[in-house]
Structures are given as C-alpha cells and as structure tokens.
There are 2 protein chains.
Amino acid sequence: MNAEASRRLDGLIARLRARGHRLTPQRVAILRELVSRTDHPCVEQLHAAILPSYPATSLATVYKTIHLLKEHGEVLELGFGELGSRYDGRHPEPHPHLICTRCGTIADPAAAGQEDAGTGFSDEVADTMAAEVAAEVAAFAAALSKRAGFAVSSHRFDLFGLCARCRAKG
Amino acid sequence: MNAEASRRLDGLIARLRARGHRLTPQRVAILRELVSRTDHPCVEQLHAAILPSYPATSLATVYKTIHLLKEHGEVLELGFGELGSRYDGRHPEPHPHLICTRCGTIADPAAAGQEDAGTGFSDEVADTMAAEVAAEVAAFAAALSKRAGFAVSSHRFDLFGLCARCRAKG
DNA sequence: CTAGATGCAAACACTTTGCACCCTG
DNA sequence: CAGGGTGCAAAGTGTTTGCATCTAG
C-alpha cells in the first residue's frame with residue numbers, strides 16, 4: 001500500500017471512528033483492501049482477498065461494510081445490471097471509467113498512470129482526461145440547470161471498449 | 001402513437017421478420033409499447049401495459065422479447081444495480097439520460113421536447129444537448145484511442161438530479 | 001458493560017431457463 | 001406442419017435482513 005492509500009485509510013478510519021463506528025479487524029481489512037486496489041473490485045473479490053487473514057469473515061459483513069461506506073460517501077459504487085457491482089474506494093467522487101468488454105477490467109483514468117494496474121494509461125492521459133471530463137460535465141450540468149430546470153447533483157460516465165492489452169492480443 | 005413511433009415500429013417488425021422471427025400478438029404489443037413510450041419503462045411496466053390487451057402474457061415472454069431486441073441492437077438497456085433495468089426502444093444508440101432521484105423519471109434529452117413526458121425540457125435544449133454530448137464524447141473517445149490505446153466502442157452517460165417538476169415541488 | 005458488529009441462514013428482487021404445448025408463416 | 005414462441009414454475013444471481021452471539025471501546 002502506497003503513501004496515498006495509507007493516508008486515505010487513516011482518514012477513513014478517523015471519520016468512521018468520529019461517527020461512532022467500531023473498527024473490527026475484518027472491517028479494517030476491508031477498508032485496507034478498498035483503498036489499496038485500483039481495479040474496482042466486486043464484493044466477492046474483497047471477500048476473497050480478506051479470507052486468508054480472517055477466514056471466518058462472511059460475505060454479509062463485506063456487504064454491510066460497503067453499505068456503511070456508501071452511506072458516508074466513502075466509496076463509489078458502479079452497479080452493472082447483470083454483472084453485479086464494483087467499488088472504487090480511492091476516488092468516491094463521480095469520474096469516468098474505462099471498462100474493457102473483453103477482460104472486464106475497470107480502469108480509473110485519473111489513477112491508472114500512477115501505479116499501473118495493467119491498463120497502459122500514461123498519467124499524462126490520465127490528468128488530461130480527468131480535467132476535460134470534469135469541465136465538460138460541469139458545462140453540461142450548467143446548461144441543463146439554466147435551460148431546462150434539471151438540477152444535476154451527480155453523474156456517471158462509463159466508456160466501454162477494448163483496453164490496450166486486449167487490443168494487442170487481437 | 002405518433003408518426004415517428006409508427007415508422008420505427010414498422011422498421012422493427014420488418015427487421016425481425018427479415019431475420020426469421022415470428023410476430024405474435026404479444027410480441028407486437030411489446031414492440032408497440034417500447035416505441036411509443038418516452039419514459040424508459042422497466043419490464044414490469046411493459047408487462048402491466050400489455051396485460052389488459054393480452055391477459056395471459058407472462059413476464060418471461062417480455063424478458064425474452066427484450067433479450068431478442070437487445071441482441072439485434074434495437075433497444076438500449078439502462079441497468080441500475082438495485083432498481084433493475086429500464087429500456088429505451090426509441091433511440092437504441094448511446095445518449096445521455098437525465099434521472100430524477102426524487103420521482104425516478106428517466107428522460108431522454110433529445111426526445112423530451114417533442115412530446116413532453118413531464119420533464120419540462122424544451123426541444124431547443126434537447127437538440128443542443130444531444131449535439132454537445134455527441135461531439136464531446138467523440139472527442140474523448142478519440143483522445144483515449146490515440147493516447148492510451150483504449151478503443152471505445154460504446155458509452156453511457158447518466159446525469160442524476162432533480163427534474164424541473166420535483167424541483168418546483170420543493 | 002453495552003451498543004454496535006459479526007456470521008449464519010433465510011428471505012428477496014430481478015432475471016433466466018427447462019419443458020410441454022401452441023400457433024405463425 | 002415444423003420450428004419458433006409462449007406460459008408456467010423452478011432455478012439462479014447478487015444482495016439484504018433477522019437474530020443470537022460476540023467484542024471494541
């Protein structure tokens with residue numbers, strides 16, 4: 001776990017504690033997993049990752065912890081109808097996602113360059129994209145608000161396609 | 001059902017027939033419902049809508065028909081983790097959606113002005129937004145493709161917030 | 001100590017599937 | 001009249017919930 005993730009974990013723990021929540025070993029393990037992974041894991045993956053250290057942990061606990069974090073706005077849930085939900089515990093604010101339709105990888109453009117999760121995005125790309133999208137969505141939301149009365153409070157922007165790796169494989 | 005919907009229904013029927021599919025009354029009723037509604041109905045709503053005319057229709061048939069249409073790219077499925085899926089049978093290509101978090105209405109900016117489904121969008125807004133988004137997404141996809149090797153083939157852009165109606169109600 | 005967290009299993013909602021019967025083309 | 005479509009019910013998913021037990025603070 002890098003420095004940034006560590007910092008985020010500390011903040012997360014502090015905020016939960018401040019709200020009167022307890023920090024059981026299982027819960028901390030889930031938090032640690034969430035802040036250190038860039039691959040947007042699903043509940044099953046989180047559960048599997050924690051089992052070696054805490055063999056008795058149940059799936060229900062993972063669900064409950066995720067639910068708690070959602071309530072506090074500490075994770076971004078990416079729900080896909082059939083495929084279940086995936087979670088981003090590093091960047092809870094809305095941002096674009098790159099979803100490879102072949103291998104299922106979900107990449108966070110803004111983070112992919114920092115510690116490559118296997119997606120091949122450079123941080124130049126990451127930063128440019130993050131800024132572009134934020135600006136465009138903001139403009140879009142402003143236009144809607146002014147002209148149609150729709151008050152945008154959040155959004156979701158998913159791009160589906162083939163990641164560099166799968167593309168290379170033919 | 002207006003002229004545009006009627007035209008789309010004809011085309012839909014022709015394409016299904018051309019692919020060797022049969023057109024049972026239930027199936028036609030589902031198609032008719034899909035092309036004439038602007039409110040992005042869920043499967044249950046479609047089922048409820050055709051029950052008066054075809055009381056024996058089962059939910060499974062609606063699911064199967066929707067699945068068939070998805071395979072042919074004739075409906076756009078908007079899956080929401082918990083809330084199930086909603087369907088757009090008028091515009092199967094990716095386009096933005098405005099989702100009211102209070103009343104659950106899902107509006108299609110590009111269509112809302114034409115026959116107001118209760119969302120208060122003018123067609124000026126609709127056309128502007130549709131064009132803006134198409135251009136922005138295209139630029140975004142091109143940037144990704146060139147710089148990161150991610151080949152975008154489709155996308156999804158959802159805006160969450162309050163529609164004019166709910167906003168007015170306080 | 002005691003409220004909050006856990007783990008298990010049962011319950012849930014949405015969707016898919018198997019199969020005998022039906023009806024379009 | 002043949003093969004796709006239908007309806008029913010059972011089976012699957014992913015997720016939530018109830019409750020007795022346990023434990024962090």
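Just so it is clear: chains get the letters A, B, ... in the order the sequence lines come, proteins before strands, and each one is counted from 1. Just so we're clear, the structure is a prediction, and the values are computed from it rather than from any experiment.
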Student: On DNA chain C, compare the nucleotides closest to Glu77(B) and Ala56(A); which residue's is nearer the 5' end?
Tutor: Ala56(A)

Student: Could you state the atom-to-atom distance from CZ of Phe80(B) to C1' of dG14(D) in whole Å?
Tutor: 18 Å

Student: Pull out every residue in residues 60-69 of chain B that has a heavy atom closer than 4.0 Å to any atom of DNA chain C, ordered by number, or say none.
Tutor: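 Hits under 4.0 Å, by residue number: Ala60(B), Tyr63(B), Lys64(B).
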
Student: What is the distance, to the nearest angstrom, from the CD atom on Gln45(B) to the C1' atom on dC14(C)?
Tutor: 14 Å

Student: Please state whether the rings of Phe157(B) and His155(A) are parallel, tilted or perpendicular, taking 30° and 60° as the class boundaries.
Tutor: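 Answer is perpendicular, since the angle exceeds 60°.
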
Student: Would you mind reporting whether Glu74(A) and Leu12(A) have side-chain heavy atoms less than 4.5 Å apart?
Tutor: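 The answer is yes; the side chains approach within 4.5 Å.
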
Student: Tell me whether Leu76(A) is reachable from Leu34(A) by hopping between hydrophobic residues (I, L, V, M, F, W, Y) whose side-chain heavy atoms are closer than 4.5 Å.
Tutor: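 No, Leu34(A) and Leu76(A) fall in different hydrophobic clusters.
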
Student: Please check the phosphate of dC23(C) (OP1 and OP2 only) for any side-chain N or O of Gln26(B) closer than 4.0 Å.
Tutor: no

Student: Measure the distance from OH on Tyr54(B) to P on dG5(D) and round it to the nearest whole Å.
Tutor: 17 Å

Student: Flag yes if Leu78(B) and Val75(B) sit in one hydrophobic cluster, no otherwise; membership is Ile, Leu, Val, Met, Phe, Trp, Tyr, and two members link when side-chain heavy atoms are under 4.5 Å apart.
Tutor: no

Student: Hey, is the main chain of Ala141(A) close enough, under 3.5 Å, to the side chain of Ser145(A) for a donor-acceptor pair?
Tutor: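 A pair under 3.5 Å: no.
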
Student: Can the positive tip of Arg156(A) be found less than 6.0 Å from the middle of the six-membered ring of Phe80(A), inside 45° of the ring normal?
Tutor: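 The answer is yes, since Arg156(A) meets both limits relative to Phe80(A).
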
Student: CG of Leu51(B) versus P of dC8(D): gap in Å, rounded?
Tutor: 10 Å

Student: Would the distance check show the side chain of Arg17(B) and the main-chain N or O of Leu23(B) forming a donor-acceptor pair, the cut-off being under 3.5 Å?
Tutor: no

Student: Whole angstroms only, please: what is the CD1-P distance between Ile50(A) and dT6(C)?
Tutor: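 Spelled out: CD1 on Ile50(A) to P on dT6(C) is 10 Å.
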
Student: Same cluster or not: are Leu69(A) and Leu46(A) linked, directly or through other Ile, Leu, Val, Met, Phe, Trp or Tyr residues, by side-chain heavy atoms under 4.5 angstrom apart?
Tutor: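 Cluster IDs for Leu69(A) and Leu46(A) match.
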
Student: Polar pairs (N or O, both sides) under 3.5 Å between protein and nucleotides 22-25 of chain D?
Tutor:
from, atom 1, to, atom 2, distance (Å)
dT23(D), O2, Arg22(A), NH1, 3.2
dA24(D), N3, Arg22(A), NH1, 3.4
dG25(D), OP1, Arg17(A), NH1, 3.1
dG25(D), OP1, Leu23(A), N, 3.4

Student: Could you state the atom-to-atom distance from CG of Leu31(A) to C1' of dA5(C) in whole Å?
Tutor: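 Rounded to whole Å, this separation is 13 Å.
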
Student: What is the distance, rounded to the nearest whole Å, between atom CD1 of Ile30(B) and atom P of dT6(D)?
Tutor: 7 Å

Student: If we count only N and O atoms by modelled type, under 3.5 Å, do the side chains of His72(B) and Arg19(B) hold a donor and an acceptor together?
Tutor: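 His72(B) vs Arg19(B): donor-acceptor pair found between side chains.
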
Student: Measuring to OP1 and OP2 of dG14(D), would you say a side-chain N or O of Ser85(A) lies under 4.0 angstrom away?
Tutor: no

Student: To the nearest Å, give me how far apart CG (Leu59(A)) and C1' (dT15(D)) are.
Tutor: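 After rounding, the reported distance stands at 9 Å.
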
